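Okay, so here's the structure we're looking at.
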Amino acid sequence: MKLLDSIRGHDDIVAMPREQLPQLCRELREMIIEGTSKTGGHLASSLGAVEITVALHRVFDPYRDRILFDVGHQSYAHKLLTGRKDSFHTLRCFGGLSGFCKPEESPADAFISGHASDSISAALGMARARTLRSDDYAVVAVIGDGAMTGGLSFEGLSDAGSSGEPIIVVLNDNGMSIGKSVGGFTSMLQNARVRPGYIRFKKAYRKLMKNHPWLYRLSHRIKETIKYTLLPANIFDDMGFNYMGPIDGHDVAALEATLRWAKEQKEPILIHAVTVKGKGYDPAEKDPERYHGVDPFDPKTGVQVSEKTDFSAVFGKALSELAAEDPTVCAVTAAMELGTGLEHFSAAFPDRYFDMGIAEEHAVAMCAGMAKQGMNPIFAVYSSFLQRSYDMLIEDVGLGGLHVVLAVDRAGIVGKDGPTHQGSFDVSYLSSVPNMKIFAPSCYSELRSMLRKAVFEETGPVAVRYPKGAEGAFTEDRSDCPVYMERKGSDLTIVTFGIRLNEALRAADALKADGISADVIKVNRIFPLETDVILDSLRRTERLMTVEDICRSGSVGSRILEAAAENGIALKSVRRIDLGDGVVCQGDCEEVSRLMKLDAESIRADAMEMLK
Ligand SMILES: Cc1ncc(C[n+]2csc(CCOP(=O)(O)OP(=O)(O)O)c2C)c(N)n1
């Protein structure tokens, strides 16, 4: 019997003899590799956090204490240890386990996660709530060095350090974000890693002082003075944390001892644990970036299902071509080089490629500065992560009408990453940014044309939004005009944009066989929306169907209804197919599309219903 099978609850982990823990860690790794080889998922990150997780579960009760995993992509061992072993094969699948932490899924998941750098803030909130309510539990934030590069982490650290609240931050430092961690903070961590002499001294000192708290307090000041004189400043100490580290993040006994000590302290503690991303699985250790998030793969060889061309790759190539034509073109990413297809650009134009770390707010404000001084910055970013930058978009870019181009990747349904990553909201929030224009290509050729237009012809802020994955059957370039009548009919008006055009056209073809003819209008520029063609069509058909992979608030459908009302067009029937409130479950993109009724068959059925 496997050790993992003997774990039915928290007490079983606590009772497990210490010498069995390495075996438990091995079993957890095997399950993580086996499971993700079928479902895909965040393999390398979860492998690197196994010992940290086991040590945390030895010292803290995840159902009572609050353990917050930043991003949550490294939490697979935590899932396996908290009653989700038998459903692990459903990870990221429709109706299955989330790839991140989700309180609805388990009371052991202290807080929702998916986006980086918020764990320290949320943990501090919990610690404050605990104090105010006179409760008694520990609060721990587990955060990677990549997530620590986000500004929000520093806001959390600054507040938590000065709060005096007992709170533990475990910094899981593997030197990697998705790719290599970047920035001055990363250099500081590297410096901290090479101070073993001081660390040994500190360890011995703590041990010695353990039973003499008064002597500890007395000597603490002297020690601090010596340290500040002899060593480069440590930002954590300076912010008010008691810094412990670096320690070996794969030594489960050392981790456990440190966490036990930390639990007893009545102040903010930061434990700096050094780990190896992908630990225990050769292919992932050798190429942690490629194994950060994996598609299904062969666990024996590590070979992943071959990658196809997608919108991100087309974007990356197209932007490189534009950069070759114009030396002002720059590419900006917030730690998403591979995901946004910028690997070719970064190699070809290293001087004009800028990785901000996980710092979307900074990226937008930085682009604004570049644009103000005559450069042509393009920020490639996932729709859901751009949410972070809303204020910078309005204040720094929009009000001044600065020419910053946003390449909004993963717009619409993203599939298995689920609700935290769906690109539901970008049109809603971007269309409230002053001077913004939003384009939506339906295929690769349109992405190329719209990007070129956005970079070289447009002024002010411009967004080009495109989906995860590959183009469909539609491959024409209709990007010349803001709105294009793709099919002419008489019974109803279907308005759509982006990749959804494929489904709308298939539905229109099927409807034809049913004796129903539809105008299919493709919107190329979603905002500002040009309504003339659409209103003309509505005057004839008096029936409106909109098909959109965005939330309803701020949708094209809403704008059309406004315009129709303002122009005195009375409609016989209206059907709006969209992502509703924007909260969309995980699953295969096709499955989720069907659920949201954005597939051709549902569109056809709805149209028939409208015409009954
Ligand atoms: C706001 C935000 N931007 C980008 C991402 C995408 N993302 C997920 S994990 C990750 C890297 C995290 O690095 P680190 O915290 O060091 O964890 P590791 O994977 O190295 O263990 C990034 C950039 C995100 N989840 N949230």
Side-chain angles (χ1 to χ4, degrees), residues 32 36 41-53 68-78 98-101 112-121 141-153 169-183 185-186 189-190 249-250 272-279 284-285 287-294 312 332-340 342 355-364 379-390 392 408-410 414 416-423 425 468:
I32 291 170
T36 53
H42 287 101
L43 174 61
S45 311
S46 274
L47 289 177
V50 166
E51 282 81 8
I52 289 177
T53 308
L68 291 84
F69 289 92
D70 203 279
V71 184
H73 66 316
Q74 75 291 57
S75 68
Y76 296 175
H78 166 77
S98 165
F100 305 100
C101 293
I112 189 166
S113 66
H115 287 204
S117 317
D118 59 351
S119 62
I120 301 172
S121 304
V142 183
I143 178 166
D145 56 304
M148 199 66 109
T149 60
L152 183 54
S153 295
V169 175
V170 178
L171 171 58
N172 172 12
D173 175 11
N174 55 24
M176 300 287 292
S177 189
I178 291 180
K180 279 248 168 286
S181 283
V182 296
F185 175 74
T186 303
L189 284 184
Q190 271 160 8
H250 297 300
H272 182 180
V274 177
T275 60
V276 175
K277 189 157 179 162
K279 178 78 176 172
E285 277 194 41
D287 192 351
E289 186 168 6
R290 223 171 106 70
Y291 287 83
H292 171 87
V294 291
S312 313
V332 175
T333 176
M336 299 301 292
E337 179 186 358
L338 275 190
T340 56
L342 284 177
D355 183 350
M356 306 287 99
I358 308 179
E360 289 83 3
E361 315 93 296
H362 164 59
V364 168
F379 179 30
V381 57
Y382 288 8
S383 163
S384 70
F385 302 150
L386 184 60
Q387 288 159 199
R388 281 276 160 93
S389 318
Y390 188 48
M392 288 75 208
V408 184
D409 199 328
R410 304 307 196 266
V414 300
K416 297 186 166 192
D417 279 337
T420 53
H421 285 58
Q422 304 286 6
F425 302 105
K468 178 182 162 74

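Counting starts at 1 for both ligands and their atoms, following the listed order. Please read these numbers as outputs of a predicted model, since none were measured by experiment. If you read the sequence from its start, that first residue is 1, and numbering goes on from there.
In this structure a side-chain-to-backbone donor-acceptor pair under 3.5 Å is present from Gln74 to Gly72. Between the side chain of Ser153 and the backbone N or O of Ala147 there is at least one donor-acceptor pair closer than 3.5 Å. Distance alone, capped at 3.5 Å, places no donor-acceptor pair between the Asp173 side chain and the Asp145 backbone. Judged purely by atom type and a 3.5 angstrom limit, Ser46 uses its side chain to pair as donor or acceptor with the backbone of Tyr76.
Each of the following atoms of ligand 1 lies closer than 4.0 Å to a heavy atom of Lys277: 18 (P), 19 (O), 20 (O). For ligand 1, the atoms closer than 4.0 angstrom to any heavy atom of Gly144 are 14 (P), 15 (O), 16 (O). Atoms of ligand 1 lying under 4.0 Å from any heavy atom of Met336, numbered from 1 in the order shown and given with element: 6 (C), 23 (C).
Residue contacts with ligand 1 for Met148 are absent, since no atom lies close enough (heavy atoms, distance under 4.0 Å).
Once rounded to the nearest 0.5 Å, the distance linking NE2 of His115 with CD of Glu360 reads 8.5 Å. One distance of note links NE2 of His42 with CG of Asp417; it measures 5.5 Å at 0.5 Å rounding. Interatomic distance, Leu338 CG to Arg290 CZ, rounded to the nearest 0.5 Å: 9.5 Å. Atoms CG and OG, from Asn172 and Ser45 in turn, are 8.5 Å apart once rounded to the nearest 0.5 Å. Distance check: Leu68 CG to Cys101 SG gives 8.0 Å after rounding to the nearest 0.5 Å. The distance from atom CE of Met176 to atom NZ of Lys277, rounded to the nearest 0.5 Å, is 5.5 Å.
Of the polar atoms of Asn172, none of the N or O atoms is found under 3.5 Å from an N or O of ligand 1, judged by distance alone. For Ala334, no nitrogen or oxygen atom sits less than 3.5 Å from a nitrogen or oxygen atom of ligand 1, counting backbone and side chain alike. On a distance-only criterion, Val71 and ligand 1 share no N/O pair closer than 3.5 Å. For ligand 1, none of its N or O atoms has an N or O atom of Ala335 under 3.5 Å away. Ligand 1 has a nitrogen or oxygen under 3.5 angstrom from a nitrogen or oxygen of Met176. At under 3.5 Å, a nitrogen or oxygen of Glu360, whether backbone or side chain, sits near a nitrogen or oxygen of ligand 1.
Protein heavy atom at the shortest distance from atom 10 (C) of ligand 1 is Ile178 CG1, 3.7 Å. At the shortest separation from atom 25 (N) of ligand 1 among protein heavy atoms lies Gly114 O, 2.9 Å. The protein atom (non-hydrogen) at minimum distance from atom 17 (O) of ligand 1 is His73 NE2, 3.4 Å. Considering only non-hydrogen protein atoms, atom 26 (N) of ligand 1 sits nearest to Ala116 N, 2.9 Å. In terms of protein heavy atoms, atom 14 (P) of ligand 1 is closest to Gly146 N, 3.6 Å. Nearest protein heavy-atom neighbour of atom 15 (O) of ligand 1: Ala147 N, 2.9 Å. For atom 23 (C) of ligand 1, the closest non-hydrogen atom on the protein side is Ile358 CD1, 3.5 Å.
Remark: of the listed residues His78, His421, His292, His292 is the sole one forming a ring-ring contact (aromatic ring centres under 6.0 Å, His included) with His73. Here the options are Ile120, Asp70, Leu189, the test is side chain to side chain contact (heavy atoms under 4.5 Å, CB included), and the partner is Met148; only Ile120 passes.
The shortest separation from a heavy atom of Ser384 to ligand 1 is not under 4.0 Å, leaving the residue out of contact. At least one heavy atom of His115 sits under 4.0 Å from some atom of ligand 1. Heavy atoms of Ser177 come nearer than 4.0 angstrom to ligand 1 in at least one pair.
The residue from Arg388, His42, His421 that puts a heavy atom closest to atom 1 (C) of ligand 1 is Arg388. By heavy-atom distance, the residue among Leu386, Asn174, Leu43, Asp145 lying nearest atom 21 (O) of ligand 1 is Asn174.
No donor-acceptor contact under 3.5 angstrom links the side chains of Thr340 and Asp409, judged on distance only.
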